[in-house]
Asker: 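Have a look at this one before I ask anything.
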Amino acid sequence: MATLRLSGPHLPFRLTSTTSSKTHKIPPFMKPPINPFSLKEICQEGNLREAFKSLANTFTSQNLSHKPPDEAYSLILDLCAAQKALSQGQQIHAHVLKSNSVNDTVFLDTKLVFMYGKCGSLFHAEKVFDDMPEWNIFAWNAMIGACVTNEEPLGALELYEEMRMLDFPLDAHTFPSLLKACAAVKDLSSGCEIHGLAIKLGFLSNAFVVNSLVGMYAKCDDVPAAYRLFSRMSGKEDVVSWNSIISAYAASGRRTEALRIFGEMLNTGVTPSTYTFVPVLQTCEEPALGKLSSGVHAIVLKLGHHLDTYVLNSLVVMYARNNRMDEAARIFRDIKEKDNIAWNSMLSGYVQNGLYDEALYFFSEMKTLGQKPDQISLVSMLAASGRSGNLLAGMQLHAFSLKNRMDCDLLVGNTLMDMYAKCGRTDYMQFVFYRMPYKDSVTWTTAISGYAQNNFPTKALNTFREIFVENMEVDLLMIGSILLACSDLKCSSLVKEIHGYVIRTGLHDLVTENTLVKVYGDCRNITYACNVFKLIRVKNVVSFTSMMSSYVDNGLANEALDLVPRMQENEIELDFVAILSILSAAADLSALRKGKEMHGFLLRNGFLVEGPIASCLVDMYSCSGILDDSYKVFNCTLNKDLPVWTSMISAYGMHGFGKAAVDLFRRMESENLIPDHVAFLSVLYACSHSALVEEGKRVFDSMQHEYKLDPWPEHYTCMVDMLGRANYLEEAFRFVTTMKMEPIAAVWCALLGACRVHSNEKIGEIAASKLLELDPDNPGNYVLVSNVYAARDRWEDVEEVRSTMKGKGLKKDPACSWIEVGNKFHVFIAHDRSHPESDEINQKLDLITEKLVREGGYVPQTKYVLHDLEEKEKVKLLNGHSERLAISYGLLKTAYGTPIRITKNLRVCGDCHTFTKLTSKYLEQEIIVRDANRFHHFRDGICSCGDFW
DNA sequence: GTAGGGTTAG
């Protein structure tokens, strides 16, 4: 093929440079000779400037005998397209229009359509296409391609319809673009139709077509169909086929499959390309696959793909997701030409790893080095500010986005709103919300959940109603966030309303159903939670976790633990959230065996004992009575956060080690952790249970004055409990009457309990009437009040209180105790005969009681029987208390030397306390009892509570 | 002769 020389020595020299000084004209002979390469060679080199110059020469030279032909235009249009040089392309277009030398207008128009498409100007492409005198297949293909590259897949599909209507035959080149369009809009049915057409036209032997079909099915989430096509290529696969199928598996999260196919590819002898490594590196993004990452990295190096931008960026992302930011930074440092994606990958890596300060530093470095942050950089940074609650940094970023005109960007606006919501500033969130010119469903969802999370449920609901006013489409995300708002309102009827909407519109998926389970649970409607759960056809780990935590939150820990084997039956793997709810169920029940099993599972599966896992483990061990193991977990936790310190402090408190709790609290302060309300609550609780009155007062004081925290009602309750137990009843009463807020029922309850123990009738009377006035529907309160009267032998008053209670239809929770033996809980209520080994248990109990009377001088203290009965009957009642049955069973089933662990739902009575102390001495048996309030360690006749509980 | 397939940050 002859290439026309458009420039060269035979053309007159021209001064094209205007930079030279006018006074010093460079003589023609001084000018460097024009590049002797032909236009084609210049174009192949990609030198647009040079190509343009040489073409321009041909236009302006007066003595040129011929005008540039179609081919010259074509070459330079291709170059413009490749370099996305729109303005140069437009200049050529102008010349084409002016020039009368074009032979084949259809050919050149097709080229123009192509060029405009590639340069991102769909408008011009369409204009040229529409004005064409006639269309051939090349023109159609160019126009369809232009639509696809300009993210107008629907336009491409419309053109396809038009072609079909005109009965215009498609060729093999039409298919890839069309299939890409189907993939972009996830239009599987059109994709299948086009697949059928490709079969009919016999294009399935074309690798381009098949590879496009593989990609289409993968993007439409039908990976099996993609694999079927791939596997039928039998020897016709090229590197793109392999890349497509590996991408399909990687994107659908089937890592093992993706890696298996990659291995097969290597075995088949197909050399991977840079396109191969991007999805393969993605499969290594799981932190647990650190070893694999290094292996794949080695292959990248071996095959020399370590200079490719895509590969390098993917490596950065992979190491960041592997929690190996140092490695990521090393790769990043060595990237010669860092693009925005590289910078942003690093930035999001820091954020995802919780390294917010590093992210801030990196961001400022980015600006110093002249790298301009874009929307995505801002999104990462705003997420960091939101998650770390750094309002100041968030506002600075807001200012930056205003200055750089990015605040109107949808993505930036949404993230700004989220940041303000997370920093507790719904007012600023609202400001951004109203300023955003374009809102999408994420915007609305963010507003709703922002209000919900900040305890503005009504605002959340109003925003939800506004969606209907604005005629926005309601999507599943919105449903999810409005449901969470309902759970903050604890309003079951509202949840039912939304649930009804979900059912009517058919707008639900697994996520929504799981949310419903959780939200019904939060609203204390466990029946509905169960019903929704039962109706979920294919339950996943989240379904089970939602159900378990609903059970736990509603005091049904047993039912929660019953779900664990059902998860195993369904082959559902436990994740860390599931483990958290299992651990808290185990803690509730003192189910040490289950708890230990979970701890083992965590260690075996390489979970880090940190964060919520650590504090849940501390809770579980302390609630199961093993304080030592709580401390071991606490001590081994590397990054101790506030919750884990708080868990350990309340563990000490529960077990009566008040001083240890206070010491730990001080140690926490000295390590610069700022205690919150909950931390103060645990230390006050510890003081109260160990009679550390002065310490408790000091702590309460520092909470208000040093840390500027306003006490919650719970803190007041703790203080009253502490003063009352220590027999400072007058002071406790004064404290209640001078509180900054109206005392809640629990405060009077604590005071009344103290009055009972210390026999103060005057204050007790006041507390009792206040308690029943404030919380008249709680059967426990009536029981407490009647017990106070019973202790003073005021049997008429007892009868009156009990009949009021009966009249209200209130029933007291029966006392029960349980013990874990084997893999089972054995639950006893008083005088329970339902246990299969009831006879043995009662015989054993009689033996113990006799021994204690004989050797330990045990005398039943019938004053603890709060019924007006004969003395003999009272003794009989005491003897049948549930904890004694549980202890007897424990003694029957436990090897000598192993402590017996009992849990009781109410407080231990005084006589049982004595009974247990004596048992620990005369039967040489360590007994650990967890009652409703705290732990009692009985050993050698002494209880850890110092008879103070 | 023109037109076509597989990748990275959120």
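Order of the sequence lines fixes the chain letters, A, B, ..., with proteins taken first and strands second; residue numbering starts at 1 for each chain.
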Asker: Could you state the atom-to-atom distance from CZ of Arg387(A) to P of dG10(B) in whole Å?
Answerer: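 Going from Arg387(A) (CZ) to dG10(B) (P), I get 10 Å.
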
Asker: When the side chains of residues 348-355 of chain A are checked against the rest of the protein, which donor-acceptor pairs come out under 3.5 Å, sequence neighbours left out?
Answerer:
| residue | atom | partner | partner atom | Å |
| --- | --- | --- | --- | --- |
| Gln352(A) | OE1 | Arg321(A) | NE | 3.1 |
| Asn353(A) | ND2 | Ala320(A) | O | 3.0 |
| Asn353(A) | ND2 | Gly349(A) | O | 2.8 |

Asker: Write down the distance between CG (Leu108(A)) and P (dA3(B)), rounded to a whole number of angstrom.
Answerer: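 So the two atoms are 12 Å apart, to the nearest Å.
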
Asker: Give a yes/no answer on whether the side chain of Lys219(A) brings an N or O atom under 4.0 Å of OP1 or OP2 in dT7(B).
Answerer: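 So the side-chain polar atoms of Lys219(A) do come within 4.0 Å of the phosphate oxygens OP1 or OP2 of dT7(B), strictly under.
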
Asker: Would you mind classifying the nucleic acid contact of Ala207(A) as base, sugar-phosphate or nothing, using non-hydrogen atoms under 4.0 angstrom?
Answerer: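 Since a base atom lies under 4.0 Å of Ala207(A), the category is base.
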
Asker: Under 4.0 Å, counting only non-hydrogen atoms across every strand here, what does Ala172(A) touch: a base, just sugar-phosphate, or nothing?
Answerer: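 Base, at least one base heavy atom under 4.0 Å.
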
Asker: Counting the benzene-type ring for Trp, do His398(A) and Tyr420(A) have ring centres under 6.0 Å apart?
Answerer: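 Between Tyr420(A) and His398(A), which both carry aromatic rings, the centre distance is below 6.0 Å.
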
Asker: Starting at CG of Leu378(A) and ending at P of dG10(B), how long is that distance when rounded to a whole Å?
Answerer: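 Distance check: Leu378(A) CG to dG10(B) P gives 14 Å.
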
Asker: When you get a sec, tell me which of dT8(B), dG1(B), dA9(B) is the closest nucleotide to the side chain of Phe107(A)?
Answerer: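 Closest of the options to the side chain of Phe107(A): dG1(B).
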
Asker: Under 6.0 Å from the six-membered ring centre of Phe332(A) and within 45° of its axis: does the NZ or CZ of Lys338(A) meet both?
Answerer: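 Ring-cation test returns yes.
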
Asker: From dA3(B), dG10(B), dG4(B), pick the nucleotide closest to the side chain of Asn141(A)?
Answerer: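 The closest nucleotide is dA3(B).
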
Asker: With heavy atoms under 4.0 Å as the rule, sort Lys338(A) into base, sugar-phosphate or nothing.
Answerer: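 Nothing: the residue Lys338(A), judged by heavy atoms under 4.0 Å, touches no strand.
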
Asker: Rounded to the nearest angstrom, tell me the gap between atom CD1 in Ile137(A) and atom C1' in dA3(B).
Answerer: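 My rounded result for the distance is 8 Å.
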
Asker: Return the set of residues passing side-chain hydrogen bond (donor to acceptor under 3.5 Å, both in side chains) with Asn390(A) (not counting sequence neighbours), or none when no residue passes.
Answerer: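 side-chain hydrogen bond (donor to acceptor under 3.5 Å, both in side chains) list for Asn390(A), sorted by chain: empty.
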
Asker: Does NZ in Lys367(A) sit with more than 12 non-hydrogen atoms of other residues, nucleotides or ligands closer than 6.0 Å?
Answerer: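 Yes - once you tally the heavy atoms of other residues, nucleotides and ligands closer than 6.0 Å, there are more than 12.
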
Asker: Given dA9(B), dA3(B), dT7(B), which nucleotide is nearest the side-chain atoms of Asn344(A)?
Answerer: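 That would be dA9(B).
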
Asker: Is the number of heavy atoms from other residues, nucleotides or ligands under 6.0 Å of Glu161(A) CD greater than 12?
Answerer: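 It does: Glu161(A) CD has more than 12 such atoms within range.
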
Asker: Looking at Arg260(A), I want to see if its CZ is surrounded by more than 12 non-hydrogen atoms of other residues, nucleotides or ligands under 6.0 Å.
Answerer: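 Yes, enclosed.
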
Asker: With respect to the phosphate group of dG10(B), does any side-chain polar atom (N or O) of Ser348(A) fall under 4.0 Å of OP1 or OP2?
Answerer: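 Yes.
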
Asker: Base, sugar-phosphate alone, or nothing: which one does Glu285(A) contact when heavy atoms must sit under 4.0 Å apart?
Answerer: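 Since no nucleic acid heavy atom lies under 4.0 Å of Glu285(A), the category is nothing.
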
Asker: Taking 5.5 Å and 30° as the limits, would you call His173(A) and the base of dG4(B) a stacked pair?
Answerer: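 No.
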
Asker: For residues 270-283 of chain A, which residues have at least one heavy atom under 4.0 Å from DNA chain B?
Answerer: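 Heavy-atom contacts with DNA chain B come from Ser273(A), Thr274(A), Tyr275(A), Val278(A), Gln282(A).
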
Asker: Checking contacts here: which listed nucleotide (dT7(B), dG6(B), dG1(B)) is nearest the side-chain heavy atoms of Tyr310(A)?
Answerer: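 Of dT7(B), dG6(B), dG1(B), dT7(B) is nearest to the side chain of Tyr310(A).
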
Asker: Ignoring the backbone of Arg321(A), work out which of dT8(B), dG10(B), dA3(B) is nearest its side chain.
Answerer: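 Closest of the options to the side chain of Arg321(A): dG10(B).
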
Asker: Can a side chain N or O of Lys180(A) be found less than 4.0 Å away from OP1 or OP2 on dA3(B)?
Answerer: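 False: Lys180(A) side-chain N/O out of range (4.0 Å or more) of dA3(B) OP1/OP2.
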
Asker: Without decimals, in angstroms, what is the distance between Met417(A) CE and dG10(B) C1'?
Answerer: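 Spelled out: CE on Met417(A) to C1' on dG10(B) is 17 Å.
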
Asker: Is Asp171(A) touching bases, backbone alone, or none of the nucleic acid, heavy atoms closer than 4.0 Å?
Answerer: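 The residue Asp171(A) makes base contact.
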
Asker: Could you tell me whether the phosphate oxygens of dA3(B), OP1 or OP2, come under 4.0 Å of any side-chain nitrogen or oxygen in Lys111(A)?
Answerer: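 Yes, such a contact exists.
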
Asker: Phosphate oxygens OP1/OP2 of dA9(B): is one of them under 4.0 Å from a side-chain N or O of Gln375(A)?
Answerer: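 Gln375(A) to dA9(B) OP1/OP2: no side-chain N or O under 4.0 Å.
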
Asker: Could you check Val113(A) against Trp140(A) for side-chain contact (heavy atoms from CB on, under 4.5 Å), going step by step and ending with a plain yes or no?
Answerer: CA-CA 10 Å; Val113(A) 170; Trp140(A) 282 105; over 6 Å; no

Asker: Of all the nucleotides listed (dA9(B), dA3(B), dG6(B)), which has the minimum atom distance to the side chain of Phe114(A)?
Answerer: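 The closest nucleotide is dA3(B).
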
Asker: Is Asp104(A) touching bases, backbone alone, or none of the nucleic acid, heavy atoms closer than 4.0 Å?
Answerer: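 Asp104(A): base contact, heavy atoms under 4.0 Å.
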
Asker: Trp135(A) CH2 to dT2(B) C1': how many Å, rounded?
Answerer: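 Going from Trp135(A) (CH2) to dT2(B) (C1'), I get 18 Å.
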
Asker: Atom CG of Asn313(A) to atom P of dG10(B): distance rounded to whole Å?
Answerer: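 Interatomic distance, CG of Asn313(A) to P of dG10(B): 12 Å.
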
Asker: Are any side-chain N or O atoms of Asn313(A) and backbone N or O atoms of Val316(A), one a donor and one an acceptor, separated by less than 3.5 Å?
Answerer: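 No, the answer is negative, given that no donor and acceptor are paired below the 3.5 Å cut-off.
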
Asker: Please answer whether dG4(B) and Phe208(A) are stacked, defined here as ring centres separated by less than 5.5 Å and planes angled under 30°.
Answerer: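 Yes, the aromatic ring of Phe208(A) stacks with the base.
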
Asker: Take atom CG of Asp109(A) and atom C1' of dA3(B), then tell me their distance rounded to the nearest Å.
Answerer: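 After rounding, the gap between these two atoms is 15 Å.
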
Asker: Counting side-chain heavy atoms from C-beta on, which of dG6(B), dA3(B), dG10(B) comes nearest to Ala142(A)?
Answerer: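 Closest nucleotide among those given: dA3(B).
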
Asker: Go through dG4(B), dT2(B), dA9(B) for me and flag the one nearest to the Phe138(A) side chain.
Answerer: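 Between dG4(B), dT2(B), dA9(B), the one nearest the side chain of Phe138(A) would be dT2(B).
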
Asker: Go through dG4(B), dG10(B), dA9(B) for me and flag the one nearest to the Asp374(A) side chain.
Answerer: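 The listed nucleotide nearest to Asp374(A)'s side chain is dA9(B).
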
